[in-house]
There are 2 protein chains.
Amino acid sequence: MEEAYMARPKVPLLSVDRIADAALELVDSGQPFGVNALARRLGVTPSSLYNHVDGRDGIIELMRGRFSREAAGGAQATGGEWHEIVADTMRAQRRMYAAHPNLVPLIVGKTITDPYVIASYDHLATTLVDAGFPEDEVLGVIALLDAFAIGFGLDLASPHDVWQPEGETQTLGRLIADAPHGDERSDRAFDLGLDLLIESLRARLARLSAPPAPVVE
Amino acid sequence: MEEAYMARPKVPLLSVDRIADAALELVDSGQPFGVNALARRLGVTPSSLYNHVDGRDGIIELMRGRFSREAAGGAQATGGEWHEIVADTMRAQRRMYAAHPNLVPLIVGKTITDPYVIASYDHLATTLVDAGFPEDEVLGVIALLDAFAIGFGLDLASPHDVWQPEGETQTLGRLIADAPHGDERSDRAFDLGLDLLIESLRARLARLSAPPAPVVE
DNA sequence: ACCTGAACACCGTTCAAGT
DNA sequence: ACCTGAACACCGTTCAAGT
């Protein structure tokens, strides 16, 4: 016996959690994300979703929060030196993007409101201030780290050929042919970049604290 | 007298160039990009565009090529040390993203085919190889630079509030209140990041060439 | 409170028909 | 060759109607 038409079921078909789960499934499946496709997957009418969430953008922000929590896995609690915390945070973000690459293009450029994600940035900010970075520079450093993480997140989401030379090239074509492709290349580039970043932040901090603040221009 | 209905005008209404120009105008205007909106702006039916370009994606790739050429402004010809070339290239890309921030989310994650853009990456690759970076590392460095540039490009395109804490924060809220907003913050973060990147690449290169390749682990 | 179904104002793309 | 207009299969969102 099928349940026939039912205006309001006794037990709700949907919930915020169920919607978030299905949305992540949909995104991870590689199919284009959309309210209609999501409703289809939930066996429900698109308009039903609007009883629980704030439309398309609301669902996307929901996913950001959801998979941030998932990827962190308690890494938040790490003590240790500031550069270890930064590296851990970056790697956690990397894991999250790697686990759900197709989400990256969706969340890109949207204002972050999820409390958990905010808290994680807040933790980072506190760490950097405590480490001795000047207050008016910390947000810049965070933006830098963010740009770095997002850039590499997109690298993961990209079709495997980032460059597709059609004519002759002097060097690029050869390097592409020789290089490992896809995730491996991206991973190596990420590790390299993270090393460079941390290292240069340490150098900058040392320079800031060692001499008694030379004021040159 | 209006020109009434005309199946095929004597002089074509459209051309690839005219479409590219109008597309950039549309994107820069801040309105959402779309084939229909573009056709409207050109005073033409959406289907007409398909006589000249390869649909939505084709038009986007067209814009990438167009505004890359525009932003370069002959900076390609710069001689000088490799790190100057890298810095110049990055800054040119930065200018391009700054001039057309709304294009960034559109081109993100799409395979690059435009010959001019390919040539510019090729030039960068050749420069790095000539500078002494190991061949199997150059593509990683380029991916790193790219991630960096894209990340900051998106930073420019973002709504001015990247973070919107709703509750109490330990540090982040205060920093956001004190910090310069929008483009200025992004510019300073970019400059900071570029400095760090170049510096650490130089350090890496020095380390690579100075000692006779110590093999650890 | 929570779902459906109809309706609205859109998309991007294809294609026959017109000149 | 190059445009139109109709058609197709979609979007995201709103809202009255049902229980």
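Here is how names work: the chains are called A, B, and so on, in the same order as the sequence lines, proteins then strands, and each is numbered from 1.
Between K10(B) atom NZ and dG18(C) atom P the separation is 20 Å, expressed in whole Å. Nucleotide dC11(D) holds its P atom 14 Å from the CG atom of L106(A), rounded to whole Å. Between L49(B) atom CG and dT4(D) atom P there is a gap of 9 Å when expressed in whole angstrom units. Going from atom CG of L13(B) over to atom P of dT19(C) covers 16 Å, rounded to whole Å. Residue Y50(A) contributes atom OH, which lies 15 Å from atom C1' of dA6(C) at whole-angstrom precision. The separation between R8(A) atom CZ and dA1(C) atom C1' is 4 Å, rounded to whole Å. A straight line from CZ of R18(A) to C1' of dC3(C) spans 14 Å, rounded to a whole angstrom. Straight-line distance from the CG atom of N51(A) to the P atom of dT4(C): 9 Å, rounded to whole Å.
A sub-4.0 Å separation between OP1 or OP2 of dG12(C) and a side-chain N or O of R56(B) is present. For the pair R40(A) and dC11(D), the criterion of a side-chain N or O lying under 4.0 Å from OP1 or OP2 is met. Contact annotation: N36(A) reaches the phosphate of dG12(D) (side-chain N/O to OP1 or OP2, under 4.0 Å).
When each of dC3(C), dG12(D), dC2(D) is scored by its nearest atom to the side-chain atoms of H52(B), the top-ranked nucleotide is dC2(D). Each of dC2(D), dG12(C), dC2(C) was ranked by its minimum atom distance to the side chain of P9(A); first place goes to dC2(C). When distances run from any side-chain atom of S47(A) to the nucleotides dG18(C), dG12(C), dG5(C), the shortest one goes to dG5(C). In this structure, of dC2(C), dG5(C), dT13(D), it is dG5(C) that holds the atom nearest to the side chain of T45(A). Checking dT13(C), dT4(C), dT19(D) against every side-chain atom of S48(A), the shortest atom distance belongs to dT4(C). Closest approach to the L14(B) side chain among dT13(C), dT13(D), dC3(D) is made by dC3(D) (side chain taken as heavy atoms from C-beta onward).
Contact record, F148(A) with L194(A): CZ-N, 3.5 Å, taken as the closest heavy-atom pair. In terms of heavy-atom proximity, A20(B) sits nearest to L62(B) at CB-CD2, 3.8 Å. A pairwise comparison of heavy atoms in D28(A) and A99(A) identifies OD1-O, 4.1 Å as the closest pair.
Of the residues L192(A), V141(A), L145(A), the one that meets the side-chain contact (heavy atoms from CB on, under 4.5 Å) test with L197(A) is L145(A).
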Verdict with reasoning, H100(B) to R66(B), per side chain to side chain contact (heavy atoms under 4.5 Å, CB included): CA-CA 11 Å; H100(B) 307 282; R66(B) 169 67 61 109; over 6 Å; no

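For residues 47-64 of chain A, every residue pair satisfying the side-chain hydrogen bond (donor to acceptor under 3.5 Å, both in side chains) rule, not counting sequence neighbours, is listed here: D57(A)-K110(A), E61(A)-R64(A), E61(A)-T113(A).
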Watson-Crick and G-U pairing of DNA chain D, under 3.5 Å, as dot-bracket with | and [ ]: ||.|||||...|||||.||

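Between E199(B) and R204(A), none of the side-chain N atoms (NZ, or NE/NH1/NH2) sits under 4.0 Å from a carboxylate O, so this pair counts as no salt bridge.
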